[in-house]
Amino acid sequence: MAGIWLDVLDEIARTCAAHGRGDLLQTVRQKRAQLLDPTLRVLVIGEPNQGKSQLINAIINAPACPVGDGRTTVLPTVVQHAEAPTVSVAQAPPPAPGRATGAAPVTVERTPVALNQVAAGVAGLVGRRPGGGPAYVEIGLPRALLGAGVVLVDTPGTDEVAGIGAAASVAAPARADIVLLVSDSTRELSVAELNMLLHIMRSHPNVVVVQSKTDLVADWRAVADRNRQHLAEAGVPATLIPVSAALRLRAAAADDRALNAESGFPALVARLQRDLAGKADHLARAAVQTVARTVVEQLAAPLRAELATQEAEEQSGPISRLHAAQREVDELRRCSTRWQNTLTDEITDLLADLEYDLRDRTRQILRAVDEAFDTADPLVAWDTFQDWLERSLVEAAEANHEWLIQRCDWIARRVAANFDRYGYDVLPPWSMTMPEDIGERLPELQRPTVDRFTTGQKLFTGMKGSYGGMLMFGLATTLAGMPMINPVSVGIGALFGGKSIRDESKQLLRRRQATVKTAIQRHVDDFFVRIIRDCRDAARQVQRMLRDHFTGLTEELQEAIVQSFRSAKQEADTDASLREQRQREIRLKMTRLAAVYEQAQQLTGARSAPLLLEPQP
């Protein structure tokens with residue numbers, strides 16, 4: 001009868017070995033040995049003072065486990081069949097350093113204890129060596145139920161889920177064929193007990209809730225109904241059996257079958273006998289299903305995590321680095337376009353600004369020239385004016401060149417700002433200074449040729465002007481009988497001659513001023529053309545220097561980024577191939593795990609919830 005489930009269990013063992021899980025393999029082997037053992041191991045657990053020890057005594061109708069007088073169970077107690085009553089304390093040696101978890105169990109040493117020392121042995125006061133390993137008490141009694149193969153294990157009370165059973169492996173639920181959770185009738189199942197049941201049901205399919213002490217509570221049936229409701233709401237498929245150990249022991253003493261039936265123990269004993277008879281078939285199948293679920297979940301968990309990690313690495317691994325390298329290539333291409341446009345636009349603006357600045361400065365100089373020569377005589381003020389003009393033009397040229405230097409430095413920094421994301425200084429190692437020979441490079445101002453008002457010209461102009469005045473007034477005086485040349489006409493002629501000299505002098509002055517203004521205008525125009533040409537040449541030179549510098553820098557960055565892109569692509573291709581191969585292996589393992597799980601579920605023909613093998617997004 002054990003052929004089918006044993007084959008499935010062996011397949012689970014082979015799966016554990018194939019996955020390199022020695023701990024799970026050892027657990028499966030222990031479960032295999034346990035299921036092949038004809039005895040039925042019954043583990044009795046529960047919170048303190050719930051009547052666990054008295055329950056065992058009532059099941060076998062013998063005072064095997066000490067109860068009352070405030071006695072506390074410290075060591076697990078194993079009650080099994082023996083031809084004569086025996087008591088011993090079994091203790092494993094202390095754990096050896098480096099001994100693997102789940103390794104084969106070591107031989108325990110048993111110390112016989114007198115029958116009247118059972119309570120002290122269970123309390124851990126006798127038979128246990130200091131410094132030894134986990135210990136438990138073995139009690140042997142000649143009872144028919146025990147002789148049929150039932151082994152009862154009494155455990156220390158606990159209200160912590162993590163402390164189910166006892167410290168010794170003998171009380172672990174995984175090594176039990178059936179687990180009895182004892183809870184008395186004075187209250188409903190507590191949250192801690194429900195959590196304990198949920199914890200046990202993860203690894204154990206055969207659990208019974210025993211509601212003890214029904215003789216102490218009149219409405220124990222209502223408590224039982226509420227407890228069944230709590231179990232259903234918590235999703236715990238455990239049977240609840242109300243019992244009274246006191247009635248059972250009293251019925252055994254009086255051989256009262258009716259009282260024994262009222263105690264509820266016939267149903268509990270029948271359940272144990274039914275499980276004992278069906279251990280090699282129904283019970284083993286359910287146990288194998290639970291083992292399969294536990295093993296498959298533990299084997300699938302790292303596979304799911306690895307698949308999730310690989311999917312995450314697709315975003316942060318070589319593929320991500322490849323995408324980052326591609327973005328760097330695209331960004332460098334955009335950066336190259338940006339800095340070239342920036343350089344071209346800024347140089348164009350610089351040339352226009354330089355021309356406007358120099359034009360504005362020369363206009364201010366020309367306005368000052370016009371204002372000065374509106375009144376000044378070039379013959380008198382030329383030397384002083386020439387020094388001022390040359391100095392003003394040199395200052396204008398120097399200011400224009402200084403602005404050119406500042407703007408070129410600003411343009412270099414503005415272009416370099418496009419490379420800020422690359423994290424290092426990209427300014428060109430250059431320095432532009434103001435030329436020291438600006439004054440020598442300016443066009444020479446030639447003294448303009450202007451008309452002078454000589455003495456002969458003054459005499460001739462005076463005579464020409466006086467002749468007309470003297471003739472006009474001389475004719476007028478002849479009418480009065482005076483001669484043409486008389487003192488009046490001579491005086492009037494002298495006045496007209498002086499006026500002619502003054503008028504001619506003013507006209508010559510205005511011509512000299514106009515001539516000088518025109519000459520200075522031509523000189524300033526020559527100055528403007530020469531200086532602006534020099535500024536344009538300097539700006540173009542800076543543009544070429546910056547262009548060459550940043551072109552070389554772009555080429556260096558491009559070479560490095562392209563090399564990084566190639567490396568990332570090669571790494572991504574290799575990683576993608578390895579990842580794809582590993583994903584195929586993982587999915588194949590998951591498929592095999594699913595097949596093992598389905599094979600285990602078919603043992604009882606029940607449809608269980610499918611395991612979640614694929615990683616969740």
Side-chain angles (χ1 to χ4, degrees), residues 1-43 102 104-105 149-151 153 164-165 169-181 197-208 235-239 271-303 589-613:
M1 296 177 65
I4 299 177
W5 64 259
L6 191 59
D7 292 341
V8 175
L9 196 60
D10 290 340
E11 180 63 25
I12 296 174
R14 287 190 292 271
T15 302
C16 294
H19 283 255
R21 291 294 300 270
D23 54 338
L24 293 178
L25 176 61
Q26 184 64 30
T27 301
V28 173
R29 287 175 176 174
Q30 291 177 355
K31 177 60 69 172
R32 185 179 190 275
Q34 174 194 338
L35 294 178
L36 291 177
D37 186 356
T39 62
L40 181 72
R41 195 176 190 86
V42 181
L43 184 67
V150 175
V151 177
V153 181
I164 294 173
S169 61
V170 68
R175 298 191 60 187
D177 297 308
I178 180 173
V179 177
L180 304 183
L181 173 68
L197 287 170
L198 289 172
H199 179 82
I200 294 175
M201 294 298 295
R202 294 176 185 173
S203 58
H204 204 285
N206 195 13
V207 178
V208 175
V236 178
T239 303
R271 172 63 183 268
L272 297 180
Q273 292 173 340
R274 185 168 61 253
D275 287 344
L276 176 62
K279 178 179 178 179
D281 186 20
H282 178 73
L283 193 64
R285 292 170 183 264
V288 171
Q289 284 183 342
T290 303
V291 171
R293 172 177 288 276
T294 303
V295 169
V296 170
E297 285 180 347
Q298 295 195 40
L299 293 180
L303 298 178
K589 289 182 177 180
M590 285 187 169
T591 302
R592 292 174 178 172
L593 289 177
V596 171
Y597 176 75
E598 291 299 329
Q599 187 179 5
Q601 299 311 304
Q602 293 173 2
L603 290 175
T604 60
R607 297 186 61 183
S608 302
L611 285 179
L612 185 63
L613 296 180

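On a predicted model such as this, the values are computed, not experimentally measured, just so you know.
Distance check: Arg592 CZ to Glu11 CD gives 10.0 Å after rounding to the nearest 0.5 Å. For the atom pair CG of Leu25 and CD of Gln30, the computed distance is 10.0 Å after rounding to the nearest 0.5 Å. Distance check: Gln34 CD to Leu40 CG gives 9.5 Å after rounding to the nearest 0.5 Å. The CG atom of Leu180 lies 6.0 Å from the CG atom of Leu272; values are rounded to the nearest 0.5 Å. Interatomic distance, Gln26 CD to Arg29 CZ, rounded to the nearest 0.5 Å: 6.5 Å. Distance CG/Asp281 to CG/Leu35: 11.5 Å, rounded to 0.5 Å.
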### Query
Passes side chain to side chain contact (heavy atoms under 4.5 Å, CB included), Thr294 versus Arg202? Steps please.
CA-CA 8 Å; Thr294 303; Arg202 294 176 185 173; over 6 Å; no

### Query
side chain to side chain contact (heavy atoms under 4.5 Å, CB included) between Val295 and Val28: does it pass, once the steps are laid out?
CA-CA 9 Å; Val295 169; Val28 173; 4.0 Å; yes

### Task
Under the side chain to side chain contact (heavy atoms under 4.5 Å, CB included) rule, what do Glu297 and Arg293 come out as? Steps first, then yes or no, please.
CA-CA 6 Å; Glu297 285 180 347; Arg293 172 177 288 276; 3.5 Å; yes

### Task
In sequence, state the C-alpha distance, the side-chain angles, and the governing distance for Val207 and Val236, and then conclude on side chain to side chain contact (heavy atoms under 4.5 Å, CB included).
CA-CA 9 Å; Val207 178; Val236 178; 5.8 Å; no

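Listed for the Lys279 side chain is no donor-acceptor partner under 3.5 Å among the backbone atoms of Pro38. In this structure, the side chain of His204 does not engage the main chain of Val179 through any donor-acceptor pair within 3.5 Å.
The two residues Trp5 and Ala284 have their closest heavy-atom pair at CE2-CB, 3.4 Å. Minimum heavy-atom separation, Leu24 to Cys16: CB-SG, 3.7 Å. What you find for Lys31 and Ala176 is that their closest heavy atoms are NZ-O, 4.3 Å.
When each of Asp177, Asp275, Thr290 is tested with Asn206 by the rule side chain to side chain donor-acceptor pair (under 3.5 Å), just one qualifies, namely Asp275.
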